[in-house]
Amino acid sequence: MATATPENKDSFATSGNADDKQSKAFVNDNEKGGIKTMPFILLNEICEKLAMVGFSKNMVNYLTQQLHMPLTKAANTVTNFNGTSSLTPLLGAFIADSYAGKFWTITVSTAIYLAGMIVLTLSAALPQLRPPPCAGDPVCQEANGSQTAVLYLSLLFAALGSGGIRPCVAAFGAEQFVEEDPTQPKKTWVFFNWYYFALGVSILLASTVLVYIQDNVGWSWGLGIPTLAMALSIIVFLIGYPLYRNLDPAGSPHTRVLQVSVAAFRKRKIPSISDPKFLYVNEELDASISTDGLLHHTKQLKFLDKAAIVTEEDSLKSSEKPNFWRLNTVHRVEELKSILRMLPIWAAGILFATSNAQQNTFSLQQANTMERHLTKSFVIPSASMSVFGMLSMLITIVLYDRLLVRVARRITGLERGINFLQRMAIGFFIAIIATMVAGFVEVKRKHAASASGLIDSPESTIPISVFWLVPQHSLHGIAEAFMVIGHLEFFYNQAPESMRSTATALFWTSISAGDYTSTLLVTLVHKYSDWLPNRNLNTGKLEYFYWLLTLLQALNIVYYLICAKFYTFKPLSHKTEHVEGVELTTQV
């Protein structure tokens with residue numbers, strides 16, 4: 001068996017050409033990108049969130065009051081839609097990273113989303129696309145098959161469009177800042193704070209202005225306004241095209257992952273190599289997928305290293321590329337390792353999303369039964385209670401960026417104050433408290449209903465202020481500012497650079513898995529207990545459901561802390577020197 005040696009020029013390719021190309025690209029990139037691109041990029045994401053949240057926040061009310069769906073069916077429809085919208089980013093990321101690039105993926109996906117919003121607006125505006133009003137009947141006519149089909153068609157378009165926007169906007173925005181550029185120092189982690197702040201502002205507008213219009217003016221206006229905003233976002237995003245720093249797709253990262261897996265399997269019987277410098281490295285071959293630097297060899301998942309062992313069958317020649325189904329570079333092997341190392345942290349985010357999903361379903365139904373009059377004539381829309389979560393999140397982001405980071409920086413010495421794993425842990429802990437508090441508030445609400453003799457009157461208003469729901473919404477907002485932004489930053493920072501859209505999609509799929517987990521839990525609890533009744537929340541035991549989630553989250557944070565303790569951060573080696581024919585790399 002022949003292996004690569006330090007003197008083997010085939011296994012340690014010269015880096016001069018690659019360095020020249022990267023330096024030229026760096027100069028050109030500096031002429032574009034930067035803070036001037038942010039209004040165009042963030043406006044697109046704000047309009048997407050305005051459209052998505054403007055409907056999903058109040059979706060349970062629309063389904064139960066306009067389409068007359070049972071509560072559990074409506075709740076599951078919401079979480080299934082949210083879950084699908086967070087799953088389709090895998091498809092969008094694949095297209096962006098492999099073929100179309102982020103810019104065109106965002107543009108086309110926004111157009112698809114717009115089509116879905118147009119259909120949804122028409123379904124709300126045209127009487128024949130929804131069932132007749134109840135008119136005082138105790139049993140309302142539920143939407144028929146064709147009316148439901150129109151609804152699901154619009155949701156499908158929205159989910160597909162969201163799949164191209166969500167994984168690409170965050171990554172595309174972060175790519176506008178070059179970390180090595182001294183004029184743009186350490187901008188990406190700040191970008192993620194303000195990216196999510198912009199999202200919070202759009203969610204705040206959707207939870208107040210749009211929800212009020214939907215409840216008091218009409219659903220056709222309440223959905224038509226975000227539809228117009230979506231159309232405007234496409235125009236504004238295209239106007240900014242000359243300013244963007246566009247990175248060409250570097251081929252399918254999914255194919256490279258499969259090639260490494262197949263090559264490692266083929267060589268599974270070959271003895272492992274103890275010294276990683278004998279593994280195959282080719283800087284020129286990897287130049288297009290390593291502009292930030294080559295990934296440094298790590299000791300974990302050593303069985304994958306066999307994909308980088310050169311054997312006699314590989315027929316390695318300087319003039320030819322290797323057969324990637326038999327031999328891969330260390331960088332390509334480490335790409336797969338990076339993704340695999342991220343998966344346990346990814347899984348920890350599922351139950352956080354499950355807990356958060358209840359704020360758009362059962363918390364909204366709680367608010368419907370409570371006293372919501374701010375004045376004699378003004379009634380707070382139940383879906384607008386989430387505004388307190390958004391305000392808490394926005395305030396926390398500002399305090400974190402302007403105060404907490406500076407204080408933590410003095411203690412830890414880190415530029416960002418605390419790393420993203422620590423930030424996520426804080427969010428997990430606060431979310432546990434939020435869910436526990438929600439259970440106690442439900443006990444308080446039902447006690448007020450019992451004291452007033454309204455247990456069997458689901459349509460009556462219970463004499464307890466809706467502001468009792470503020471603590472759980474606020475705590476969830478604070479938790480989101482820590483955990484969700486930390487999670488998003490983790491995926492972008494730790495993913496291989498050629499897989500950043502895919503990694504951002506992983507962030508959304510954890511939310512998707514959380515929504516589907518919520519659907520599963522609600523279905524099982526409804527089937528095997530009396531905790532979650534369809535028509536009368538007062539006769540159920542919603543507090544038990546909240547406390548079940550609290551227990552699951554407590555177990556989840558223990559799991560997360562174990563994963564975080566043993567996590568290996570992605571190492572890069574970006575400085576190359578040659579001493580007596582041996583290539584030395586500097587790890588960063």
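These values consider heavy atoms only, across backbone and side chains, with no hydrogens, waters or symmetry-generated copies.
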N282 vs T329, side chain to side chain donor-acceptor pair (under 3.5 Å): CA-CA, chis, key distance, verdict: CA-CA 6 Å; N282 191 321; T329 62; over 6 Å; no
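- Contact annotation: the side chain of Y559 approaches that of N556 to within less than 4.5 Å [non-hydrogen atoms, C-beta and beyond].
- You'll find the side chain of F507 reaches within 4.5 Å of the side chain of I511, heavy atoms only.
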Audit row: T298, E334, side chain to side chain donor-acceptor pair (under 3.5 Å) steps and yes/no: CA-CA 7 Å; T298 57; E334 291 300 322; 2.8 Å; yes
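- Counting heavy atoms from C-beta outward, I41 and Y244 have side chains that approach closer than 4.5 Å.
- You'll find the side chain of I339 reaches within 4.5 Å of the side chain of P496, heavy atoms only.
- Taking the centre of each ring, Y241 and F40 stay at or above the 6.0 Å mark.
- Annotation: side chain of I345 is in contact with side chain of M424 (closest heavy-atom distance under 4.5 Å).
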Worked verdict on T396 versus F197 for side chain to side chain contact (heavy atoms under 4.5 Å, CB included): CA-CA 10 Å; T396 303; F197 183 88; over 6 Å; no
Step-by-step side chain to side chain contact (heavy atoms under 4.5 Å, CB included) determination, T84 to Y516: CA-CA 9 Å; T84 303; Y516 285 128; 2.6 Å; yes
Please walk me through it: do D305 and K267 pass salt bridge (Lys or Arg N to Asp or Glu O under 4.0 Å)? CA-CA 10 Å; D305 289 343; K267 297 178 179 179; over 6 Å; no
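- Between D275 and I273 the shortest heavy-atom distance is O-CG2, 3.2 Å.
- Contact between V333 and A307 at its shortest, heavy atoms only, is CG2-CB, 4.0 Å.
- From T107, atom OG1 reaches atom NZ of K102 across 13.5 Å, with rounding to the nearest 0.5 Å.
- K570 places no side-chain N or O within 3.5 Å of a backbone atom of S338 that could act as its donor or acceptor partner.
- Around CZ of F237, the count of heavy atoms belonging to other residues, nucleotides or ligands within 6.0 Å exceeds 12.
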What verdict does the side chain to side chain contact (heavy atoms under 4.5 Å, CB included) test give for T311 and R326, after you've listed the backbone C-alpha separation in whole Å, the side-chain angles of each residue and the deciding distance to 0.1 Å? CA-CA 9 Å; T311 64; R326 287 197 54 86; 3.8 Å; yes
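- In this structure, S162 and P167 approach most closely via the heavy-atom pair O-CD, 4.1 Å.
- Of all heavy-atom pairs between C168 and I106, the closest is CB-CG1, 3.5 Å.
- Interatomic distance, CZ of F569 versus CG of N419, reported as 4.5 Å (0.5 Å rounding).
- Around the CH2 atom of W104, the shell of radius 6.0 Å holds no more than 12 heavy atoms that belong to other residues, nucleotides or ligands.
- Taking OG from S355 and CD1 from I432, the interatomic distance works out to 9.0 Å, rounded to the nearest 0.5 Å.
- The backbone N or O of N80 lies less than 3.5 Å from no partner atom in the side chain of D515, so there is not a single donor-acceptor pair.
- Between atom CH2 of residue W325 and atom CG of residue L258 there is a gap of 4.0 Å, rounded to the nearest 0.5 Å.
- Across all non-hydrogen atoms, the minimal contact from H297 to P276 is ND1-CB, 3.4 Å.
- The residues R332 and E335 are annotated as not salt-bridged, no charged nitrogen and carboxylate oxygen being separated by less than 4.0 angstrom.
- The distance from atom OG of S233 to atom OH of Y113, rounded to the nearest 0.5 Å, is 10.5 Å.
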Using the side chain to side chain contact (heavy atoms under 4.5 Å, CB included) rule, take R166 and S109 through it: C-alpha gap first, then chi angles, then the decisive distance, then the call. CA-CA 10 Å; R166 288 184 171 185; S109 298; over 6 Å; no
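- Side-chain contact between L285 and F324 is present, with heavy atoms from C-beta onward closer than 4.5 Å.
- Side chains of N328 and Y280 form no contact here, defined as non-hydrogen atoms less than 4.5 Å apart.
- Aromatic pair F428/F482: centroids not less than 6.0 angstrom apart.
- R268 forms a cation-pi arrangement with F265, by the criterion of a distance under 6.0 Å to the ring centre and an angle within 45° of the ring axis.
- For an aromatic pair to be called close, the ring centres must be under 6.0 Å apart, and Y560 with Y567 fails this.
- Here F566 contributes atom CZ and R341 contributes atom CZ; the two are 15.0 Å apart, rounded to the nearest 0.5 Å.
- A pairwise comparison of heavy atoms in T37 and L243 identifies CG2-O, 3.4 Å as the closest pair.
- Between F420 and I485, every side-chain heavy-atom pair lies at or beyond the 4.5 Å cut-off.
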